[in-house]
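Note sheet for the following structure.
For reference, positions follow the sequence shown, starting with 1. Side chains included, hydrogens not; waters and symmetry mates left out as well; all remaining heavy atoms used. Counting starts at 1 for both ligands and their atoms, in listed order.
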Amino acid sequence: MTDFVEKDCQETPLFDPRILLRLDPSKFKAGYKNGVSPLHPGEHLHIRPLSIGDYEKGYLDLLKQLTAVGDVSKEDFIGRFSQMKSCEDTYFIVVIEDLKSGQIIGSATLVKEQKFIHHVSSRGRVEDVIVSDLYRGQQLGKILLDVLVALSQDLGCYKVSLECKDKNVEFYTQFGFQKTEGQNFMQLRFFD
Ligand code: 16G
């Protein structure tokens, strides 16, 4: 019984997985080759919401390929996961698991920011897009972005935005993202 409860808890998803199933495939924008697509990410690869058990599946090690993560204990992870989950309709972290190795090998986050503007609309923010360096070139970044863009539209966002390095601008263009004339990304960093 304890095993069952433990397993059940491990599989707690950040958001309802049915939300991904209802996405309209005609909204996917990228061109794919070799039969790969968001519906068929590849052999042994499964796309789904982040789960609590992903702490043990290398999720944070994957994020370390993007930026500084620091020492995050399981307790820290569960605490943050629970906070995100309790913000209904806000945090959508989509991961790709390699079922063969049991490791998380890709991830991207959509945050749905609630607004008063645009008739109490919402803005989607794409964050923390990362594919393991061992899996680059398998079109997994395209899959993650296609899913998040379709998801932001499905969730009713009036726009979706992201910030990225110059070298990645071309990649994001294929999903419809455009650099905006006269607009700048600004930041003030307090610590790393
Ligand atoms: C990139 C990410 C951003 C992430 C940041 C981390 C995308 C589209 N952009 O800009 O989401 O938070 O890197 O870098 O994934 P930092 O640690 O320097 O803030």
Legend entry - NZ/NE/NH1/NH2 to OD/OE distance under 4.0 Å, Lys57 and Asp98: no
Legend entry - Carboxylate-amine/guanidinium contact Arg136 Asp133, below 4.0 Å: no
Legend entry - Near ligand 1, at a heavy-atom separation below 4.0 Å: residues by chain and residue number: Thr67, Glu127, Asp128, Val129, Glu163, Tyr172, Arg189
Inset, instruction - For this output row, return yes or no: ring centroids of Tyr32 and Phe28 closer than 6.0 angstrom. - result: no
Inset, instruction - Measure the acute angle between the ring planes of Phe177 and Tyr172, then classify it against the limits of 30° and 60° as parallel, tilted or perpendicular. - result: perpendicular
Inset, instruction - Inspect the contact between Arg22 and Asp154 and indicate whether a charged nitrogen and a carboxylate oxygen are less than 4.0 angstrom apart. - result: yes
Legend entry - Contact list for residues 103-112, test side chain to side chain donor-acceptor pair (under 3.5 Å), sequence neighbours left out: Asp89-Lys112
